[in-house]
There are 2 protein chains.
Amino acid sequence: MSDDHESTLGRIETEVALLMRFGEATRRATGTAEHRVLDRAAYVILRHLADAGPQNVSALAARLNLDGSTVTRQVSALQRDGLITRTPDPSDGRGTVISPTPAGLQRMAAVQAARTRLYGDMLADWSPEDRSTLAALLGRLNQALINRNRPR
Amino acid sequence: MSDDHESTLGRIETEVALLMRFGEATRRATGTAEHRVLDRAAYVILRHLADAGPQNVSALAARLNLDGSTVTRQVSALQRDGLITRTPDPSDGRGTVISPTPAGLQRMAAVQAARTRLYGDMLADWSPEDRSTLAALLGRLNQALINRNRPR
DNA sequence: GATAAGTACCTGCATAATACAGCTAATTGA
DNA sequence: TCAATTAGCTGTATTATGCAGGTACTTATC
């Protein structure tokens, strides 16, 4: 347990906490008017549906660390706005499969593009190496978080 | 605007969004019982008081990207629990200076240590270089966020 | 194949953090 | 002196979330 380790971990902890604050503030500031539907988890849901294909509520909830009821409500809102469709699961009468609609994918892509543009602006003076290093390390950090939350 | 840039930025955007979700889930899971006081902004408030010294509500709100009323309530809760003290600002009769109490600093340090330990566990198999690189890049990312929010 | 146990989803509540609007008191500037 | 500004507080609404309970369906056991 060297001082180096401690201080580096402390810095990581600090920076992550700060990043959270900024992320929340940004989400609040940007998501007020038009696409309020994509607040919070909704964007991540559409994102995951686009990435991993249609799936049911439970799978989404497990993947996104959310309660099933929360996902149910998010999905209902998304359906109300025509961004996803619910179809009965042919292999399980209890379940419903959630699929993104073209409009949903479009909306998601628009938000994604806006966010990506935002990062592009902010990181305009970063070297490509630093950018891809950040992406890689964040990916590893998230993987570590996943492994911790799901020791399986 | 090469494809490399786009995809790297996209990855950063993805990973940050995921990190947010995990952070919220973790906070919810850990902060339930005992030190619920340090939920959300409260921890960051104590943290900032410890780092930057006693200051008034407005300064905290500006620094933490929060509404003044939110900070007022957080500070009230912290005072109720004996973690900060309010003293009249000698140089401005309207203001009150918020100072951490020893108990507050202790509580903050305990949470900080727990979080740091958590990161230590998760990043146990990371090389010291990768850790410090992550810390540095997160710091630069936050700085970029600060610069964007306060173009000043 | 009948019944018990488990699962998927939904709904009704409660909670927690937050913002906004409006208020009072104090400061500052003309 | 008085208008404009600022610091902080309080009332109200919003929003995302979890938990508890209910219903319909599935799976396993005998």
Side-chain angles (χ1 to χ4, degrees), chain A residues 17 20-33 35-45 54-81 84-98, chain B residues 17 20-45 54-81 84-99:
Chain A
M20 300 279 179
R21 293 262 89 240
F22 274 114
E24 286 196 29
T26 301
R27 180 182 51 73
R28 261 171 219 283
T30 52
T32 33
H35 33 55
R36 256 188 42 242
V37 200
L38 293 192
D39 269 8
R40 255 185 210 281
Y43 171 64
V44 192
I45 288 177
Q55 54 200 283
N56 61 26
V57 174
S58 304
L60 281 172
R63 175 70 164 174
L64 306 176
N65 275 301
L66 288 172
D67 191 79
S69 64
T70 300
V71 175
T72 292
R73 277 178 259 264
Q74 293 276 1
V75 162
S76 297
L78 290 169
Q79 184 182 33
R80 168 174 45 75
D81 296 328
I84 60 99
T85 56
R86 281 181 167 108
T87 54
D89 188 337
S91 70
D92 188 336
R94 298 165 298 179
T96 58
V97 177
I98 315 299
Chain B
M20 301 278 178
R21 291 260 91 241
F22 274 115
E24 286 197 30
T26 300
R27 182 181 51 74
R28 262 172 218 284
T30 51
T32 32
E34 308 169 37
H35 34 55
R36 257 188 41 242
V37 200
L38 293 192
D39 269 6
R40 252 183 212 284
Y43 172 64
V44 192
I45 288 176
Q55 55 199 282
N56 60 25
V57 173
S58 303
L60 281 172
R63 174 69 165 179
L64 306 177
N65 275 301
L66 287 172
D67 191 81
S69 65
T70 300
V71 175
T72 292
R73 276 179 256 264
Q74 292 277 0
V75 163
S76 298
L78 289 169
Q79 185 182 33
R80 168 174 44 76
D81 296 328
I84 60 97
T85 56
R86 283 178 165 109
T87 54
D89 188 336
S91 71
D92 187 337
R94 298 166 298 180
T96 58
V97 177
I98 315 299
S99 311

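Protein chains get the first letters and strands the later ones, always in sequence-line order, with residue 1 at the start of each. Predicted, not measured: the structure shown is a model, and the values here were computed from it. Keep in mind that the numbers below use all heavy atoms, side chains included, and drop hydrogens, waters and symmetry copies.
- The interatomic distance linking A:L78 (CG) with C:dC9 (P) rounds to 15 Å, in whole Å.
- Atom CG in B:N65 sits about 17 Å away from atom C1' in C:dC20, given to the nearest Å.
- If you check every strand for non-hydrogen atoms under 4.0 Å, B:S76 touches nothing.
- In this structure, A:I98 and A:R86 have side chains that are in contact, with non-hydrogen atoms separated by less than 4.5 Å.
- Side-chain N/O atoms of B:R94 and base N/O atoms of C:dT27 include no donor-acceptor pair closer than 3.5 Å.
- If you take CZ of A:R80 and P of C:dC10, they are 15 Å apart, rounded to a whole angstrom.
- When the nucleotides D:dT17, C:dT11, D:dT6 are ranked by their closest atom to the side chain of A:L66, D:dT17 comes out on top.
- Distance CZ/A:R63 to OG/A:S58: 15.0 Å, rounded to 0.5 Å.
- Between B:Q74 and C:dA16, a side-chain N or O to OP1/OP2 separation shorter than 4.0 Å is absent.
- A donor-acceptor contact under 3.5 Å links the side chain of B:R73 to the base of D:dG11.
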- Query: Step by step, would you call B:Q55 with B:L60 a side-chain contact (heavy atoms from CB on, under 4.5 Å)?
  - Reply: CA-CA 7 Å; B:Q55 55 199 282; B:L60 281 172; 4.0 Å; yes

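- When all heavy atoms of A:G68 and A:V57 are compared, the closest pair comes out as O-CG1, 3.9 Å.
- Residue A:S58 has a polar side-chain atom (N or O) positioned under 4.0 Å from OP1 or OP2 of C:dC9.
- Backbone-only engagement by A:D92 is indicated by non-hydrogen atom pairs under 4.0 Å involving sugar-phosphate atoms exclusively.
- Distances shown here put a side-chain N or O of A:R86 below 4.0 Å from the OP1 or OP2 atom of C:dC10.
- At whole-Å resolution of the value, CD1 in B:I45 and P in D:dG8 are 12 Å apart.
- Residue B:N56 is classed as a sugar-phosphate contact, given heavy-atom separations below 4.0 Å to backbone atoms only.
- Two residues, A:G93 and A:D67, neighbour DNA chain D, and the one matched to the more 5' nucleotide by heavy-atom proximity is A:D67.
- Neither OP1 nor OP2 of C:dA17 sits under 4.0 Å from any side-chain N or O of B:T70.
- With sequence neighbours left out, B:T87 forms a side-chain hydrogen bond (donor to acceptor under 3.5 Å, both in side chains) with no residue at all.
- One N or O donor and one acceptor, one from the side chain of B:S69 and one from the base of C:dC20, sit under 3.5 Å apart.
- One atom, CG of A:L60, and another, C1' of C:dT7, lie 16 Å apart when rounded to the nearest Å.
- Regarding A:M20, its CE atom lies at a distance of 16 Å from the P atom of C:dA17, rounded to whole Å.
- At a threshold of 4.0 angstrom between heavy atoms, the contacts of A:G68 with the nucleic acid are absent.
- Of the listed nucleotides (D:dT6, D:dC9, C:dA8), D:dC9 has the atom at the smallest distance from the side chain of B:T72.
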